[in-house]
Amino acid sequence: MAGPKEDVHAAPPQDSTDLQAFAVLLRRMNSEFNRMAHEFAQAHGLHTTDVQALIALLDSGSDGSVQPMTPGRLGEQLNLTSGAVTACLDRLERAGHVRRTRAPDDRRVVHLQYAPAGREVARDYFMPLARTTDAVRAEFDEAELSVVVRFLASMNDRLTLLRGARD
């Protein structure tokens, strides 16, 4: 007979700041995000790549750039061929998540926009995640949150550099 179920959501010991502890926690968080994305994809008849494209579109411009998302930029970001990007966008457009519009100054350029109906579907689905994130944030003071944000931003910057070095 198995023993009591281990609490997989228990916080690590307070002194767990070594590499192993960070790796375990980051992998676990990444796995949970991936599960949610996969469940969203399944619930809406999408591929996991489609959800990655939606996330890229949602986050475009969050880095301060004003460049609209284009199929080419999306392909670069997701490391997809132009054919794979087209198939992905076709699925997302049919499902009502994405709109393709022509640039007013150059009709050859296609801009991608998150369709309002698609944005609403995603917002409804991921609202529990947003509420959970906000509840966890409320457990920390501004100084602690600043350190967390600095760590996450630095990790993302370094992972981007690491991925670029491998390309």
Side-chain angles (χ1 to χ4, degrees), residues 8-9 22-138 145 148-167:
V8 296
H9 300 290
F22 270 81
V24 167
L25 290 170
L26 289 171
R27 280 193 305 266
R28 196 168 85 200
M29 186 173 64
N30 186 54
S31 291
E32 290 300 325
F33 284 143
N34 284 338
R35 276 189 204 98
M36 286 180 223
H38 186 72
E39 289 168 1
F40 178 80
Q42 283 187 321
H44 296 282
L46 302 173
H47 294 224
T48 305
T49 301
D50 300 344
V51 178
Q52 291 173 337
L54 289 173
I55 292 167
L57 188 56
L58 185 64
D59 290 348
S60 68
S62 65
D63 60 355
S65 70
V66 292
Q67 291 182 321
M69 183 61 80
T70 64
R73 283 185 57 220
L74 183 63
E76 287 174 14
Q77 195 166 340
L78 299 181
N79 197 28
L80 297 174
T81 64
S82 61
V85 170
T86 299
C88 174
L89 292 174
D90 287 346
R91 286 188 302 270
L92 290 172
E93 198 168 44
R94 274 193 309 273
H97 290 280
V98 169
R99 289 186 308 188
R100 293 182 242 203
T101 59
R102 299 282 177 184
D105 58 335
D106 186 347
R107 303 284 299 153
R108 296 169 297 175
V109 177
V110 174
H111 291 167
L112 305 174
Q113 298 172 332
Y114 215 127
R119 187 180 293 269
E120 191 66 30
V121 166
R123 183 178 295 126
D124 289 347
Y125 191 90
F126 290 105
M127 185 55 70
L129 174 60
R131 282 196 282 273
T132 298
T133 301
D134 202 36
V136 171
R137 283 178 59 245
L145 289 173
V148 171
V149 167
R150 194 168 46 112
F151 172 79
L152 293 172
S154 186
M155 279 297 300
N156 284 319
D157 290 345
R158 300 285 177 94
L159 289 172
T160 299
L161 290 173
L162 180 61
R163 183 173 36 92
R166 291 181 177 170
D167 289 342

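The shown structure was predicted, so the numbers you read here are calculated from the model rather than taken from an experiment.
The closest donor-acceptor contact from the side chain of Ser154 to the backbone of Arg150 lies at 3.5 Å or more, if one exists at all. Asn34 contributes no side-chain N or O that, together with a main-chain N or O of Ser31, makes up a donor-acceptor pair within less than 3.5 Å. At distances below 3.5 Å, not a single donor-acceptor pair connects side-chain atoms of Arg119 with backbone N or O atoms of Leu58.
When all heavy atoms of Gln77 and Arg163 are compared, the pair lying nearest together is O-NH1, 4.2 Å. Summarising the geometry of Arg73 relative to Pro68, their closest heavy-atom pair is NH1-O, 2.7 Å, with the distance given to 0.1 Å. When every heavy atom of Leu57 is checked against every heavy atom of Tyr114, the shortest pair comes out as CD2-N, 3.5 Å. Scanning both residues, His97 and Val121, for their nearest heavy atoms gives CE1-CG1, 4.1 Å. Considering every non-hydrogen atom in both Asp50 and Cys88, the closest pair reads OD1-SG, 3.3 Å. Contact between Val85 and Pro71 at its shortest, heavy atoms only, is CG1-O, 3.7 Å.
The distance from the CZ atom of Phe40 to the CG atom of Leu129 is 12.5 Å, given to the nearest 0.5 Å. Atoms CD and CG, from Gln52 and Leu80 in turn, are 8.0 Å apart once rounded to the nearest 0.5 Å. The structure places CZ of Arg28 at 10.5 Å from CG of Leu26, a figure rounded to the nearest 0.5 Å. Rounded to the nearest 0.5 Å, atoms CG (Leu92) and CG (Leu112) are 9.5 Å apart. The CZ atom of Arg107 sits 9.0 Å away from atom OG1 of Thr101, with the distance rounded to the nearest 0.5 Å.
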Does the pair Asp134 and Arg131 meet the rule for a salt bridge (Lys or Arg N to Asp or Glu O under 4.0 Å), with working shown?
CA-CA 5 Å; Asp134 202 36; Arg131 282 196 282 273; over 6 Å; no

Are His38 and Arg35 close enough, and set up right, to give a side-chain contact (heavy atoms from CB on, under 4.5 Å), and what steps lead you there?
CA-CA 5 Å; His38 186 72; Arg35 276 189 204 98; 5.7 Å; no

Would Asp90 and Arg100 count as a side-chain contact (heavy atoms from CB on, under 4.5 Å) if you check the C-alpha gap in whole Å, the side-chain angles of each, and the deciding distance to 0.1 Å?
CA-CA 10 Å; Asp90 287 346; Arg100 293 182 242 203; 2.4 Å; yes

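For the pair Leu89/Leu74, a side-chain contact is recorded, criterion being any heavy-atom separation below 4.5 Å from C-beta on. No side-chain heavy atom of Leu161 sits less than 4.5 Å from a side-chain heavy atom of Asp157. With a 4.5 Å cut-off on side-chain heavy atoms, Thr70 and His111 count as touching. Residues Val109 and Arg102 have side chains not in contact (no heavy-atom distance under 4.5 Å, counting atoms from C-beta outward).
Relative ring orientation between Phe151 and Phe22 is described as tilted, the plane-to-plane angle lying within the 30° to 60° band.
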